[in-house]
Amino acid sequence: MPTVGIKRDLLFKALGRTYTDEEFDELCFEFGLELDEITSEKEIVSREQGDTKASDASDVILYKIDVPANRYDLLCLEGLVRGLQVFKNKLEAPRYRRISPVNGDPQKLIITKETAAVRPFAVAAVLRNITFTQERYDSFIELQEKLHQNICRKRSLVAIGTHDLDTISGPFTYTAKPPGDISFKPLNQTKEYTATELMSLYKTDSHLRHYLHIIEDKPVYPIIYDSNGIVLSMPPIINGDHSKITLQTKNVFIECTATDLTKAKIVLDMMVTMFSEYCSQPFTVEEAEVVYPDGKTCIYPELAYRKEKLSGEFINRKVGINESTEKIAQLLTRMCLLSRATGVGDEIEVEIPPTRSDVIHACDIMEDAAIAYGFNNITRTTPRAYTVANQFPLNKLTELLRQDLAAAGFTEALNFALCSEEDIADKLGKKISETRAAHISNPKTAEFQVARTTLLPGLLKTIAANRKMPLPLKLFEVSDVVLKDETKDVGARNSRRFCAVYYNKSPGFEVIHGLLDRTMQLLEVKSARGEGYHIQAADDSTFFPGRCAEIIVRGKTVGRLGVLHPDVINRFELTMPCSAMEIDIEPFLGHTAETLLTHDVPMQEVIKHKFPTPDESQQAPVSRPTSTKTVFGDVSTQVGLKALNDFLADKSYMEGFAASQADMTVFDAIPSPPSLTFCHLRRWYNHIKSFQRERARLPAAKRQFVLPAAPAASTNNASDDDDIDLFGSDDEAESAEAARVKERRLAEYAAKKSKKPALIAKSSILLDVKPWDDETDMAKLEECVRSVSMDGLLWGQSKLVPVGYGIKKLQIGCVVEDDKVGTDLLEEAITAFEDYVQSVDVAAFNKI
Amino acid sequence: VPPTISQHEMDHLLMADSGVVETLLQRIEKADDGVDSLNVAASLGVDHQVIVGAVKSLQALGDIISADLRSSKHWELTVEGSEIAEQGSHEARVFSSIPLEGLAQSELMKLSFGKIGFSKAMSNKWIRVDKTQEGGPRIFRAVENIEDQVREKLLQVQKGNFSQLDEKEKNELKKRKLLSEVTVKSYWITKGSSFSTTITKQETELTPEMIATGSWKEKKFKPYNFEAMGVAPDCGHLHPLMKVRTQFRQIFLEMGFTEMPTNNFIESSFWNFDSLFQPQQHPARDQHDTFFLSDPALAHEFPQDYLERVKKVHSEGGFGSQGYKYDWKIEEAQKNILRTHTTAVSARMLYKLAQQKFTPVKYFSIDRVFRNETLDATHLAEFHQIEGVVADYGLTLGDLMGILHQFFTKLGITKLRFKPAYNPYTEPSMEVFSYHEGLKKWVEVGNSGVFRPEMLLPMGLPEDVSVIAWGLSLERPTMIKYGINNIRELVGHKVNLQMVYDGPICRLDS
């Protein structure tokens, strides 16, 4: 997280008021910043270099503020103040404009093809008639540094060069040359150097040496010249001294060279939006033309304002608030995202300014609304999902085993998973090549060379660090080691081990052997050859010859035990005899009734998701019906609203006794919350509003209440008839279905009513029937499903449930007699309609 | 302070020296204003400790006697002094070892007392030297009889009659290292409220015989010393960090969360970063922050369809996103690392979830993660991450805050507030702060957020499914709970086993 140091008094002056430290800390917290430290130049110097050096340093109070890593627009005083002032409603976000030069052509930067080998992109712009003060100048330099360290990834992706335009003359050429052919006087130097000389000069420069590697090994170095051959800069290392900006500089030429064009554009936008404030025409930036080697020209800075549309309901639903569209637009505007309710449903149009490159998805806009609303003002709710918890079987076994190992008198140690090669090889009398160890390529010290392949070294080191403790020392650890394994996607896997050591004046093999016996007893493995466990003599260089045995369980070796070799004891700086055992515990997992969890993922996708094409994804996240025409009349008019109000006088919902999609469609059709005069409508409106979060899960509508916006385009002749069937089934089917529903209800009722055990066992099943795609005729599909008839099968209610990307699935209920109809039989019969049905799943199964 | 005598030792004394106890009681009865234990010891001719033992055992029986500790100065013979009291002073022994015919000086010097005795006897003028004798100097008696005053004085002291010697004499003998002044602690013993010269022998412990015969009914039992500590049990111990881990596991299980299989320390950059929409130039992917592997260096298998979608969302956008618009490289995604967070496993689990018919899930894990960071008193290269994940239709930011409230309440933390934050794979992101009563300020206790659609949608999760998640470290709450300041004293081989032995059980909410 970047930290920005800002002089407190300058900040308060710019904010137009003073704050106590606590007040300002509070403001930061709310806005997502952190007031990390309150200090001064003097304090910093004194801390880093001692008091003597600090005596000359300034003791002006500095605020060190942590800024989120993606908010490049808050990395300097100018941007921070602008952000906070807009947030506090004290300022309207400025509009940044790109303008053409008043007279003449724009400055030109010509890129030659040679740059392709080293740093192919460049963008440029001009800040015209700027007024610097010492503070502004410092901030200008500091912002470049902050951008270099963050988005520019230490200048590797983008490097910024700023120049006094009045000292140079365009067009400028961005090219690349062999280092020996480049010679100029670099910034703050007194003589000319070749690029080769510069590279060795800066080898010892505490600041610049970190950037040398970016171009050092390249055959050519990037270089920018003006039309007179004056060097502007050798990116990403150093600018020329000739064009350096001073407090008197009036016109600034900014160039950004890059390996990542997107980031270069963002960086240029940041520089010019932050500092155009000080131009004679504030917030305007003079364009520059960049000519690519292929002759294509681009005008920079882009300063692009992007417009996004989203629904207020989307924000409310994701954040868990219930604000009007207008209020949400106001919230977003306070975050520098100028927004307005379009008046079409709850649509909001959001304008993303060039300073907010972090906004790349609707969710970023949603977050800003939440921040402006205040995270801590959001009502805390509880997710309602019902889930059954399972333990990871291997961890469950580990937990149980550890308890009993401690009860057996051994104390648990906890050691690092990383160690040196020596620990797992040399010290144990093994070769590193035999260990199957995973090796780390960039360890900072020898402690992190490999992942451990055995728990033993850790336990021995723990003993070495605790030699003063009374003997005997009895330690154990149950934890993971890492082994290379070709069969895994990453080429390695963990192995859960149990290791124990006994350290005393006598080796105590019998103690460790006894612990093994106890462990086997706990794991329900009998002492026997074949199906049980036994130990047999083995050779192992870690152990004393003749004092080591393999542990064999059900015919497979799971580990070893024995008395450690005196050399091993010495290498771990121990003095007493020691015996140890280590086994793999995964073979003891056995069967578990719980779902076997693994982090292995299927490499082939079985379910074929329909993923949106880029065009689809560019659409507004949620689209709502825009029609206000309903069966009650136009609800944008008082007449329509009155009719609806009358309708609702004695009803809670549009249909039946529960909220459904019918309520949602009518709700969406009403442009704004109804006035108090329509009390029934208002009551219903507020009630339905509370369902917005779960609207997707509400049952389908039976009737159509909202009519298409343009009646002329209506395709359905039956639209005169206000009894429109969404599924397109005819009246006969409708009544037949009603009869079936009635029948099913009667059956259910009878089953519930009877207190005695039902003579015939019945179940109510909810099936999910999925079509092939969004073009499948769902009505036809349902007809097919309902055509399945069996003795003991009764079809019930159904609805269409959206599953995403326009696809809907059919959710249909039925009651079956368990003896006569099985789910397999049912699924088989339905999937037989293979033209329509992709799959059938049992969504719910309840015994009646 | 008299040496503490254990119950066992006292019993022994009482039994062995019941005669002493009785005699002591008789002396006390006869004395009007009490007796001194030292005097009693001297008059009975027994070691003082025996009398002290008798006093202790009588005190244990109740108010038979009352004993006040007092200390007195007293003169004692040194080892040399005792030898003289027994055998005579060195000069006297020299005198008596000289026969009438005299003794060669060389012969005298061979005797153990010869050297010191010779010069002392000379100064007393008890003997004379004749240097003219043949065969070297010869010693002769100079007087007929001598009086060995030194021995007499010492014998007086030995009998306890040191008052008969004046201070000068005592100091002279002290100078000769024959006497030493010692402080003696003794008891002044008087009758107690229930004084009696006869005592009933008290039983120390209930025995199987007493139970069998019923004899316990008639017996009196000695009271226990409840001030003493018990005998420490011989037992093993669980590690404090693991005890806290067990409690966190318990909390998640109570809340209906299923444990994720996090037993894979080595992970590809793809699952650790790319699948989480963390761009390939992100600083966390630097050599400075992450442990990369040289062997096995690369992961070789990925779900290809999914990988293509991940590539696309990074490089071009899609799923409603602008994307990062950079050149995404499979080579970068293939690089194996030691996982930097358990969220890599969450990504795998969510991808697997997307490959089935969606049902709401709650997942958790507590396991090791690795960072190639600078180490200090609170940071190690590996630590345990606690993570909770909930996936369901229509989850809100309010739900995340609500579930965090429930979670932290179980830890005994009820005052929570949330700060907007940034994390590449969650949006919104919130840092969780709790009010620390001790420090009187808000401290960060965890991180949380809603996974970005750019992470979830390429996996194939339904569009209206939200996934909320939070994480914290296991070490920090453990260090606070057990008052440990340096993380190395908690994790790793430098642990202090005494701390492990002494650690209390872990109740997080108290």
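Values reported hereafter were calculated over all heavy atoms of this structure, with side chains retained and with hydrogens, waters and symmetry mates removed. What you see is a predicted model, and the numbers here were worked out from it, not measured in a lab. Labels below follow one simple rule: chain letters A, B, ... track the order of the sequence lines, proteins then strands, and each chain is numbered from 1.
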Sub-4.5 Å side-chain heavy-atom contact between B:Arg249 and A:Asn395: yes
Aromatic ring proximity B:Phe370/A:Phe448, centre distance under 6.0 Å: no
A:His361 side chain to B:Gly323 backbone, donor-acceptor under 3.5 Å: no
Under 4.5 Å from any heavy atom of chain A - which part of B:Val450: neither
Exceeds 12 heavy-atom contacts within 6.0 angstrom, atom NZ of A:Lys444: yes
Part of B:Leu241 lying under 4.5 Å from any heavy atom of chain A: side chain
Residue selection (most heavy-atom pairs with chain A, distance under 4.5 Å) from B:Asp367, B:Leu416, B:Leu400: B:Leu416
Atom group of B:Val500 that falls short of 4.5 Å from chain A, counting heavy atoms: side chain
Gap separating the CG atom of B:Leu238 from the CZ atom of A:Phe476, nearest 0.5 angstrom: 5.5 Å
Chain A contacts, top residue of B:Phe270, B:Tyr363, B:Tyr393 (heavy-atom pairs, under 4.5 Å): B:Tyr393
Close side-chain approach of A:Leu414 and B:Val495, heavy atoms under 4.5 Å: no
Note: A:Asp66-B:Lys419 ion pair, threshold 4.0 Å (strictly below): no
Donor-acceptor contact present, side-chain A:Arg380 to main-chain B:His405, <3.5 Å: no
Minimum side-chain heavy-atom gap B:Leu338-A:Leu418 below 4.5 Å: yes
A:Arg384 atom CZ, neighbour heavy-atom count above 12 within 6.0 Å: no
4.5 Å side-chain heavy-atom contact, B:Gln281 and A:Ser156: no
Whether A:Thr387 side chain and B:Phe257 backbone form a donor-acceptor pair below 3.5 Å: no
Which atoms of B:Glu373 approach chain A - backbone, side chain, both or neither, heavy atom under 4.5 Å: backbone
Max heavy-atom pair count under 4.5 Å with chain A, selected residue of B:Trp271, B:Phe364, B:Trp442: B:Trp271
B:Lys325 (side chain) donor-acceptor with A:Leu261 (main chain) under 3.5 angstrom: no
Gap between atom CD of A:Glu477 and atom CE of B:Met242 - 0.5 Å precision: 8.5 Å
Region of B:Arg417 in contact with chain A, defined by heavy-atom distances below 4.5 Å: both
Heavy-atom pairs under 4.5 Å with chain B, option from A:Thr462, A:Val490, A:Asp841 with the top count: A:Val490
Chain A contact via B:Phe418 - which portion, at a heavy-atom distance below 4.5 Å: both
Contacting moiety of B:Asn372, where chain A heavy atoms sit under 4.5 Å: both
Side-chain (B:Glu382) to main-chain (A:Ala417) donor-acceptor, under 3.5 angstrom: yes
Flag if over 12 foreign heavy atoms under 6.0 Å of NZ, A:Lys468: yes
Choice from A:Gly32, A:Ser441, A:Ala437 maximising heavy atom contacts with chain B below 4.5 Å: A:Ser441
Exam field: side chain A:Thr381 to backbone B:Asp399, donor-acceptor pair closer than 3.5 Å: yes
Residue-level contacts of residues 368-375 of chain A with chain B, using a heavy-atom cutoff under 4.5 Å: A:Ala370, A:Ile371, A:Phe375
Option that, when pairs with chain A are counted at under 4.5 Å, heavy atom only, ranks first among B:Val345, B:Asp464, B:Thr290, B:Thr246: B:Thr246
Least distance between heavy atoms, B:Phe291 atom then A:Ile440 atom: CD2-CG2, 3.6 Å
Rounded distance [0.5 Å steps], NZ in B:Lys352 versus NE2 in A:His599: 8.5 Å
Value rounded to 0.5 Å, distance of CZ in A:Arg493 from CG in B:Asn264: 12.5 Å
Donor-acceptor under 3.5 Å (A:Asp480 side chain, B:Asn263 main chain): no
Contact leader toward chain A among B:Tyr501, B:Tyr326, B:Phe358, where contacts are heavy-atom pairs under 4.5 Å: B:Tyr501
Which of A:Pro602, A:Gly320, A:Gly409 touches chain B most, by non-hydrogen pairs under 4.5 Å: A:Gly409
Side chain, backbone, both or neither of B:Asp234 within contact of chain A (heavy atoms, under 4.5 Å): neither
Atom NE2 of B:His288 with >12 non-hydrogen neighbours under 6.0 angstrom: no
Between NZ on residue A:Lys154 and CG on residue B:Asp286, distance to nearest 0.5 Å: 5.5 Å
Any donor-acceptor N/O pair, A:Asn415 side chain to B:His493 backbone, under 3.5 Å: yes
Heavy-atom pairs under 4.5 Å with chain A, option from B:Ser268, B:Ser365, B:Pro453 with the top count: B:Pro453
Whether A:Glu367 side chain and B:Ser429 backbone form a donor-acceptor pair below 3.5 Å: yes
Polar side-chain atom of A:Asn442 near backbone of B:Phe292 as donor-acceptor pair, under 3.5 Å: yes
Heavy-atom proximity to chain A below 4.5 Å, by part of B:Gln498: both
